[in-house]
Amino acid sequence: MTNTTPRPQSPLTPLSRRTILSGALGIAGVAGLAACGSGSSGVPGQAPAVSAGGGATGYSGPKVALQFWNGFTGGDGPFMKRLVDQFNTEHANIAVSMNTMQWADYYAKLPAAVTAGKGPDIGIMHVDSVATNAARNVIQPLDDVATALKLSESDFAPVPWKAGIYNGKRYSIPLDVHPLGFFYNKAVMEQGGLDPEKPPMTADDYMAALETMKGKGIEGHWASPFPFTGGLSIQSLIYQFGGSLFSDDAKQVLWADDAGVKALTWFQDLVTKGYSAGKIAQDADIVALQNGKTAFNWNGIWTINTLKEKSGLQWGVAPLPNIGGTKAAWAGSHQFVLPTMRTPDENKQVAARVFLNWISTKSLEWAKGGQVPARNSVRESAEFKALTDQATLASQIDDLHFPPPVAGIGDAMPEFDKAVNAAVLGGQDPKTVLSDAAGRATKILEANAKKYGA
């Protein structure tokens, strides 16, 4: 996500983009705070297997107080708080307190708190932080939860479900996915000679639409040179062109292959061919859409609530257009984790598992904050389908891509972001900048493989 230093909270985004941004930051935070050496060292006191059915039979013990840490400081926070309050109302012997902080602070504090024996009972992590924290023993395996609750891939979207496995063990339970989508300004489309109810969904139609609008003096798709949203768009395009960012084992950086060059070239051409303003600032692409200066914007699902707040704005949302020939889109995912305890309390361990499962099954309220529930039963419910904008982007569920679950992989992504910036903002040759970035990223991954004992 995009990703190194989190920016200040943007007024444009009720669902904080740091929710997406800080996955790789979390990895860096763990690497910086945990002790040096392989993943087998680090946090002492790995929790033993928990009895009482891994939370499947509920919790009937004495009243316990649980700490739940997360970084939901944006518009998503109140939705999670309502869920926590509802859980507390329904479970008289479990009191969950939600401690919300900036994601950067969360990822910095969590490893140190766990090492000191003062970590929370429950946490949330971005999907690309799970493997690193598992390697450092910051979080504990959850195979008992999946087994006891009879959770399997059939209960969840396959992509986020598989992403929680590291070295053959499950370390997280998926809560949601937050994919990239295609947002369009209907009024600008109409001004540009297009049918506002028929956004272009193929490569040929998309380029024809941009050319038509250009003939009317409209720059149809502003291309951001920043991770938000240029980097995420280009990642999506790489998958659409049949490529990938990394090999499955993350020993090879693949973004400089033919698919990556095609993807970055297509995006750079938005600027060079006059379909986009040049040298645009951070967030200028979505501001331009709202202000009627451009028609198209590829952005995250969190943009739904942003646009809903703009009175009088005529807009629509669709899955990403298929530019490269394969349906694909970037996505992130929030996943539940249980931090490792120095001195495990079995009552708290069971109660935490009860909470984790309950929230997972009640995630319709969470979807209203701008998310796609990972749990099939929620995502396929009539109530979720009534959230038509979220449901539209949920149709991409089988076409989403995450990086491989390899410890430290997020540390390589800033090199990709540098290449995007050099090509889109600086006009440099896509193949050259991607190749140079891949070389730097390869060295980072090699160092991390030694660090984490891979």
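Because only heavy atoms are used, hydrogens play no part in the values below, and waters and symmetry mates are left out as well, while side chains stay in.
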State, yes or no, whether a side-chain contact exists between V337 and Y171 at a heavy-atom distance under 4.5 Å.
-> no
Shortest non-hydrogen separation from D249 to V406 and the atoms involved = O-CG2, 3.8 Å
In Å and rounded to the nearest 0.5 Å, what is the NE2 to NE2 distance from H334 to H178?
-> 4.5 Å
Taking the six-membered ring where the residue is Trp, are the ring centres of Y106 and W103 under 6.0 Å apart?
-> yes
Approximate separation, where rounding is to 0.5 Å, of Y239 OH and S244 OG | 4.0 Å
Kindly indicate, with the supporting measurements, whether the criterion side chain to side chain contact (heavy atoms under 4.5 Å, CB included) is fulfilled by R375 and L151.
-> CA-CA 10 Å; R375 195 125 182 183; L151 300 179; 3.4 Å; yes
Would you confirm whether T340, through its side chain, and N137, through its main-chain N or O, come within 3.5 Å as a donor-acceptor pair?
-> yes
Do the side chains of F87 and V84 get nearer than 4.5 Å, heavy atoms only?
-> no
NZ/NE/NH1/NH2 to OD/OE distance under 4.0 Å, K262 and D258 = yes
Can you spot which of L232, L434, I234, V433 makes a side chain to side chain contact (heavy atoms under 4.5 Å, CB included) with V420?
-> I234
Pairwise side-chain contact, L338 with I139, heavy-atom cut-off 4.5 Å (strictly under) = no
Give a yes or no answer on whether the side chain of S236 reaches the backbone of W330 with a donor-acceptor pair at less than 3.5 Å.
-> yes
Considering non-hydrogen atoms only, spot the tightest contact between G181 and L393 and give its length.
-> CA-CD2, 3.7 Å
Report yes or no: does T303 contribute a side-chain atom to a donor-acceptor pair with the main-chain N or O of G300 at less than 3.5 Å?
-> yes
Closest approach of P404 to S247 (non-hydrogen atoms, all atoms of both residues) | CG-O, 3.4 Å
Could you give the distance from CD (Q371) to CG (L175), rounded to the nearest 0.5 Å?
-> 7.0 Å
Between W302 and F228, does the ring centroid distance fall short of 6.0 Å?
-> yes
Short side-chain to backbone donor-acceptor contact, T147 and D144, under 3.5 Å = no
Examine distances only and state if a side-chain atom of N70 and a backbone atom of G123 form a donor-acceptor pair shorter than 3.5 Å.
-> no
Any donor and acceptor pair, going by atom type alone, linking the side chain of Q140 with main-chain N or O of P339 inside 3.5 Å?
-> yes
Specify whether H221 and W298 have parallel, tilted or perpendicular ring planes, treating 30° as the upper limit for parallel and 60° as the lower limit for perpendicular.
-> tilted
How far does CE of M98 sit from CG of L66, to the nearest 0.5 angstrom?
-> 14.0 Å
Around K186, counting heavy atoms of other residues, nucleotides and ligands shown, do more than 12 lie under 6.0 Å from its NZ?
-> yes
Please tell me if the side chains of W358 and Q86 come closer than 4.5 Å, counting only heavy atoms from C-beta onward.
-> yes
Would K418 and E415 count as a salt bridge (charged side-chain N to carboxylate O under 4.0 Å, His left out) if you check the C-alpha gap in whole Å, the side-chain angles of each, and the deciding distance to 0.1 Å?
-> CA-CA 5 Å; K418 292 174 187 175; E415 302 305 326; 3.2 Å; yes
Can you check side chain to side chain contact (heavy atoms under 4.5 Å, CB included) on F226 and D417, steps first, answer last?
-> CA-CA 7 Å; F226 301 102; D417 296 334; over 6 Å; no
Tested for side chain to side chain contact (heavy atoms under 4.5 Å, CB included) against V372, the lone hit among D176, L387, V378, I301 is I301
Provide the closest heavy-atom pair for A163 versus V127 in the form atom of the first, atom of the second, distance.
-> CB-CG2, 3.2 Å
Sole residue of I280, N421, I286 in side chain to side chain contact (heavy atoms under 4.5 Å, CB included) with S224 = I280
Do you know which two heavy atoms are closest between P319 and F182, and how far apart they sit?
-> O-CB, 3.4 Å
Taking D285 for the side chain and A223 for the main chain, is one N or O donor matched with an acceptor at less than 3.5 Å?
-> no
Does the gap between the ring centers of W366 and F72 come in under 6.0 Å?
-> yes
How are the rings of Y206 and W266 set relative to one another: parallel (under 30°), tilted (30 to 60°) or perpendicular (over 60°)?
-> tilted
Considering only heavy atoms from C-beta outward, does the side chain of V145 approach that of R170 to under 4.5 Å?
-> no
salt_bridge(E365, K368) N-O dist < 4.0 Å = yes
What do the steps show when you test L307 against Q290 for side chain to side chain contact (heavy atoms under 4.5 Å, CB included), and what is the final call?
-> CA-CA 8 Å; L307 298 184; Q290 295 175 47; 3.7 Å; yes
Between atom OH of Y59 and atom CG of N347, what is the distance when rounded to the nearest 0.5 Å?
-> 3.5 Å
Is the side chain of N88 donor-acceptor paired with the backbone N or O of D85 at a distance under 3.5 Å, no angle test?
-> no
Quick one: are D398 and P158 in side-chain contact, heavy atoms under 4.5 Å?
-> yes
F296 and W222: aromatic ring centres closer than 6.0 Å?
-> no
D389: what forms a side-chain contact (heavy atoms from CB on, under 4.5 Å) with it, not counting sequence neighbours?
-> I304, K308, W315, V317
Any side-chain heavy-atom pair from N185 and L313 closer than 4.5 angstrom?
-> yes
Can you tell if the side chain of F402 reaches within under 4.5 Å of the side chain of P160, non-hydrogen atoms only?
-> yes
At what distance, to the nearest 0.5 angstrom, does CG of L142 lie from CD1 of I165?
-> 11.5 Å
For A367, does its backbone N or O pair with a side-chain atom of Q390 as donor and acceptor, under 3.5 Å?
-> yes
Exceeds 12 heavy-atom contacts within 6.0 angstrom, atom CD of Q314 = no
Contact summary for W255 and A441, nearest pair of heavy atoms = CH2-CB, 3.6 Å
Step by step, would you call T100 with K81 a side chain to side chain contact (heavy atoms under 4.5 Å, CB included)?
-> CA-CA 10 Å; T100 302; K81 183 62 166 61; over 6 Å; no
